[in-house]
Structures are given as C-alpha cells and as structure tokens.
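One structure below.
For the numbers below, each heavy atom of this structure counts, side chains included, while hydrogens, waters and symmetry mates do not. In what follows, every chain begins at residue 1, and chains take the letters A, B, ... in the order their sequences are listed.
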Number of protein chains: 2
Amino acid sequence: MAASIHDVAKRAGVSIATVSRIINSSATVSDNKAAAVREAMEYFNYEPNQFGRGLVKQTSHMIGVYFPHSTGSIFDSDYNLELLKGMEQVLSRHNYSLVLISENDEYEKKKMAKPKFLEYVSQKRVDGLLISGLTQKSSAEEAFKQLLEEEYPMIYIGKRFHKKGYNVYAQYEVYMYKMVETLYQKNHRDILIHIWYMHKELFKNVADRIREHMPEVRIQLIISDSTGASDRKYWVENLKKYVQEEKYTAVCISGMESIGILLSASAELELHIPDDLSVIAVEHKKGQGQRSYPAIDAFYVPVFEMGAGAADLLIGCVEGQEISDHSMEFETVYIERESIKDRN
Amino acid sequence: MAASIHDVAKRAGVSIATVSRIINSSATVSDNKAAAVREAMEYFNYEPNQFGRGLVKQTSHMIGVYFPHSTGSIFDSDYNLELLKGMEQVLSRHNYSLVLISENDEYEKKKMAKPKFLEYVSQKRVDGLLISGLTQKSSAEEAFKQLLEEEYPMIYIGKRFHKKGYNVYAQYEVYMYKMVETLYQKNHRDILIHIWYMHKELFKNVADRIREHMPEVRIQLIISDSTGASDRKYWVENLKKYVQEEKYTAVCISGMESIGILLSASAELELHIPDDLSVIAVEHKKGQGQRSYPAIDAFYVPVFEMGAGAADLLIGCVEGQEISDHSMEFETVYIERESIKDRN
DNA sequence: CTGTTAGCGCATTCAA
DNA sequence: TTGAATGCGCTAACAG
C-alpha cells in the first residue's frame, strides 16, 4: 500500500492538516515544518490519493469525450483526431485528463436504460462533457437535452440547437455554400457535391440557398456512408456517369480523407484534374491539400482550434467562471491551389 | 447533490449495508427488501459514487493509455487510431474506461520530476497502463522500467525489451524483411525503403539480414520524420534521384498514410506504377491499399486486433488472473494487389 | 501558524 | 438475512 497523508505527517512530525495545507497551498505554513513535510513527501514518494480528495470535493479533474458516431466511420478519423488533439492539449495544460466514452454495443441494440455518458456524469467520474457528432436521431438525445436543462458543464461541437448550453462550430452550411460559390465564380455551372450521410438533412438548407442565389447551377449530390466512402468503384461509377456522360465539370469534397480515392478514380478513368474536372475540398488539417498532385483547393476548417476552444470553454464552465458567449464560431479560410480551372 | 446510499436506504426502510449488498450482488437479500431497494434506487436515479467506492476498493476501473510519441506525428494517425479503437472496444465491453495520458509540454523541456503517467499510477487514477510508441531514448524509460519491476499491470505494444512485463507485437523486423523479400522474388534488385525516423535503430538488424540473405540487392533508405513525410517535394526529389537517375525499381512504404503522397509525386514525374516503379506498403487498416489506383500490395498488420489483444491481456492482469504468456505475437498477412511488376 | 475533529459515500466485518 | 459500526484518505471548519 502506498504511503498516505498520515505516514507523511508522522515522519514530518506534524499533523495531517499541515500536510494537506502544503499539498494544496491552502494556507501558510512555517518554513521549517514545510521543509520537513516536503522531505517526508519525497521520502515516501507521496502522491495524494484521488479517491480521498474526490470524496471531499466531488470532482475528478477528468473530462469525458463523447463521440456518438465514431465507431467504424472513416469520416471520423481526421476530423475527430484533430478535435481530440486540440482538446487534449488544452485539457492537459490545465491538468485535466481526457476520458474516452463510447457507447458499448448494447446500448443501441438492447435499449439500455441509460446511455453511458450519463452514467459517467451521475457517478461523478467526469467533471464535464465534450461532445461531437450528435445527430438528430441519436437515441441519446433525450438524456442530452436533460443535461442541457440542468446546465451541466458541457460543450458540443456543432450547430446550436437548444436555448441553453454552449457550443463551438464552423458553420457547415456556410462553407459548403461558399465552396459552390467559389466554383461558380470560376464559371462552373454543373457541380457534384459529395456529402456524408449524416449531413443529409443539414445540407438541404444549403441546397435551397444555392438554388436561390445561383439558379442556373445544376447540382448533384453524391452521398457516402462510412462504407461507401472507402470504395473506389463507387467513385469510378459516379465519375463515369456524371462527369463523362452528363458533363459535370466540378466536384466539392467533404473532407480530404476522400481525395485519395477521388484522385485514384480519376486516374483510372484518365480524367485530368483540373482540365476535365475541377476539385475543391474541405480541409480539416492544415496543409492536407498540398500533399496531393495536383494540390487541392480547399476551405480550411480549423478543427484543432475548435477542439481547443471547446476545451477552454468547458474548463471555464467547470471552474464556475462567468461566460458571456454561449457560442464560439470559427472562420473558415479559402486556400487557393491548383485544382480549379476557370471555365472561361 | 445527488442521492447517496443513505437516501436510498432510508426510503427503502433498510440499512445502507443492505443497499450495498444489492448494488454489488455480494450477498442474498430477501425478496421484499430487495424490491424496496430497487424502487428507491429508481426513484432517486441512484448511481453509486465512484469516490466512495474507490476509497474502499482502491480501484477506479479506468485504464491509462500512454503514447509518448503521438504529438505532431502524422505517422501516428492511422496506427494509433486503430490501436485506440481496438483497446476501446475491449475495455468498454469489460466496463473499463480509457483515459488518454499525454505528456504536457513541460515534461520534456523543464525536466519535471515525474512523467505524467507515473502520477496517474501513484494517484490511483488508473488501474493499469497501455503503452505504445516507446523509444530507446524516451526520457520516461527510467520510470517505465521501475513499474515493470514492480509488476504493475501494464502492457506495451512493441518488441520485448525487459525480462518482466507483458507485450504485444507484430515483429516489425520480420515484416520489413518480408517486404523486401517479396520484391526480390519478383526479381527486383534495387529497392528503396521508406522508414520512420523513430525506427532507424530497429531497421539496422533488418538491413543486416537483407545483406546476408540477398547480397545482390542494393537498398537505399528514405527516412522521414513527422514533418518531411507530409512534404510532396521531398518525395519528388527522392524519386527523381533514385528512380529516374539511379534506376531503383521498387519501393517499400512504411504505412499507407504515405501512399497518397507517393502516388502524387509519381504522377507529377509521370512515373507509372507498377511499370516504372513497383510499390509495396504496410497496411494498418484493412482494405486501405484497395483504395488507391493502382491498388497497392501490402503486408497487413492487424493493429486493431493488437490493441484489442493488449487490452484483453491487461484486464487479465488487473483482475489478477494467472497469465501464462508474457508475449502476444501477431501474424502479418501479405495481400497481393496490382502495384508490383515482375521484372522478368 | 497549527492540531483536532467531523464527515464525504461506500464496502465490509462482526453481532445479532 | 440484517443492521451497526468501522475505516478507506482526504479537506475544511474550528479551536487554540
């Protein structure tokens, strides 16, 4: 058994209260006693036990991260990894730890009473929650809204959907629109748009705006779920049909993860980029588009910064600071490269 | 404040001991009392507080995951993500949670007294450790070896390097050798080998074996650190020099993350695969090689399964089971596709 | 500035 | 089968 505060106190010849004061710098202690305590702590290699501390303070200094959709979706890799990195950096600087929460298989199937993140919350395993990838029909939404009502410390990544709570977002609808607009300005009128299945609903508004402001543009959605996205054949067929036969001239890609396949499919069909097909993509990780040949034009979405921002906000909530803004919006940046051809 | 065991006991008209017995199914309780307790638990939405429980049992049901090298290295994304997924799946099935531990910047720079994972261990925040990416000169090695000596529950991913402890590995040296051998059998004699900086030392043994068994093979290393790997120029220059000028005919790639750049660089130089250059790669995630055009031959390393295996082993250790094998070796599988040309 | 003491929520031992 | 009592390691209120 590791040494406890009593062992340290005994060796230093003081009371446990004095030791506690030193650990937490919660009160002044005379120099000689402080020195004795420090010596004893070194001697035992003492670290305060988190259960004892937690029992009194009811806080774990752990933050739960909940990504309802992360299982099996390729989409997630870059995006979620960047989010995680951003979150982790901030949390660890503030001495918080990050706990991964993922639904175990049973929840969705067996209709468990509680989603797992709720357990973490009520068992006080975590002091707050960071959430990404919430969708309309997530079975956890009920529980989620309840936490929102209780003003539990919690930040979600994505569009605001409730009057309470905090969120961090990059305006999916705005940059998807801007991508089409960018192609439009280069005189493209027939545009393929690749979106992820989970964004289908969200995209409807974008489509409306496109129809309204650029009525002469013809758009065609290419929707991928997590499996279809990894399939080259799927892309080959789409390119064959829409580019070669129906003469679409440009494509918007929802994430750089898919660029490799697109380029491969194009190569297979001997489609030249940008001459036969212009490409613009969303870039979640800085510089990704530069790695391809040709380098891909992109809207950069600062996912890392979003993760970091969310974590910052959350720490503010947890530590009870007054927070004025309930939303944190991130700007996307257009990066011009070599994959768009002006049709004039 | 959430309800405690006392509230439940009071409402059910029993003692807290009885409630505890129900929570833990640790003893038989008469049916009517059990029902009353269950009703009270539902009523309060009761979840046992982890601090109280932990204080008695000194276990958190949390597992720490420590990836010393994960910061800023592109290499890690696929590999580590797959590891994490495997670990997470197993852990969550057994009701353990996964805590990410990452060195905060200060440790390496300011020479902190303790690496962070040691704090987690001594503060009892975690019941065990899962480690990947340990390198020779990691500053944490000292602390790590000490834990090994104490037989702290801990699994590391990688080659065995200490008489005690448990590890899970896929024989880097073996499959790197086999990659060259595969090309050799297709009559390649001039082979580029791409390795990560951190594997430089490890590769020396492979190089020796190659020289011994295939003396007429000329090999040239292309070493990338985390930054150089993302640079297309770097690859263009290497291909220009070695393939176009010095007539190397094949290349081994250490991970599919780099295939996109390689293909882009080849396209830029109008180098055709496999006619001008044969390619073989390591595949950490099933099916990755299939996504490119041409599809890339690969040695599949079952990283997900390794993560899952490590987690399984660890849970065994934590729960005090007898474990016979201290090592778990994973087989790699060669997947033939379209990127290697027989030089005959 | 310092020590004594009372819990925090729970599992567990001992009597009954 | 049950309840009372103890203590896990710590913080904080209080008294000195």
Rounded to whole angstroms, how far apart are [atom1] on [X] and [atom2] on [N]?
| X | N | atom1 | atom2 | result |
| --- | --- | --- | --- | --- |
| A:Ile23 | C:dT2 | CD1 | P | 15 Å |
| A:Lys57 | D:dC10 | NZ | P | 13 Å |
| A:Gln50 | C:dG9 | CD | P | 18 Å |
| B:Ile16 | C:dT12 | CD1 | P | 12 Å |
| B:Met41 | C:dC10 | CE | C1' | 14 Å |
| B:His6 | C:dA11 | NE2 | P | 12 Å |
| A:Gln123 | C:dC10 | CD | C1' | 13 Å |

Requested in this report: Determine, for B:Glu329 against B:Lys159, whether the closest basic-nitrogen to carboxylate-oxygen distance falls under 4.0 angstrom.
Outcome: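 Between B:Lys159 and B:Glu329 there is no salt bridge, as every charged N stays at least 4.0 Å from the carboxylate O atoms.
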Query raised in the report: Any ion pair linking B:Arg11 and B:Glu39 (charged N to carboxylate O, less than 4.0 Å)?
Result: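 Salt bridge flag = yes for B:Arg11 with B:Glu39.
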Between [X] and [N], is there a contact of a side-chain N or O with OP1 or OP2 at under 4.0 Å?
| X | N | value |
| --- | --- | --- |
| A:Ser4 | D:dC8 | no |
| A:Arg53 | D:dG9 | no |
| B:Ser26 | C:dA11 | no |
| B:Asn49 | C:dC10 | no |

Minimum-distance nucleotide to [X] side chain [options: [options]]:
| X | options | answer |
| --- | --- | --- |
| A:Ser15 | C:dC1, C:dA11, C:dT4 | C:dT4 |
| A:Lys33 | C:dG3, C:dG9, D:dT2 | C:dG3 |
| A:Thr18 | C:dT2, C:dG9, D:dC10 | C:dT2 |
| B:Thr28 | D:dT1, D:dT11, C:dT2 | D:dT1 |

Requested in this report: Could you walk me through whether B:Tyr79 and B:Ser132 pass side chain to side chain donor-acceptor pair (under 3.5 Å), step by step?
Outcome: CA-CA 10 Å; B:Tyr79 182 79; B:Ser132 165; 4.7 Å; no
Query - Position toward the 5' end of DNA chain C (nearest nucleotide), B:Arg21 or B:Glu47 - result: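 Closest to the 5' end, via its nearest nucleotide, is B:Glu47.
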Query raised in the report: Is any side-chain heavy atom of B:Ile5 less than 4.5 Å from a side-chain heavy atom of B:Ile23?
Result: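 B:Ile5 reaches B:Ile23 side chain to side chain.
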Requested in this report: Select base, sugar-phosphate, or nothing to describe what B:Val19 touches, counting heavy atoms under 4.0 Å on all strands.
Outcome: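 Contact class for B:Val19: none.
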Report task. For B:Ser20, report the nucleic acid contact type (base, sugar-phosphate, nothing); a contact means any heavy atom under 4.0 Å. Result ->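 It contacts base atoms.
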Requested in this report: Say whether, by atom type as modelled, one donor and one acceptor occur between the side chain of B:Arg160 and the main chain of B:Gly165 under 3.5 angstrom.
Outcome: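 Flag set: sc B:Arg160 to bb B:Gly165 pair under 3.5 Å.
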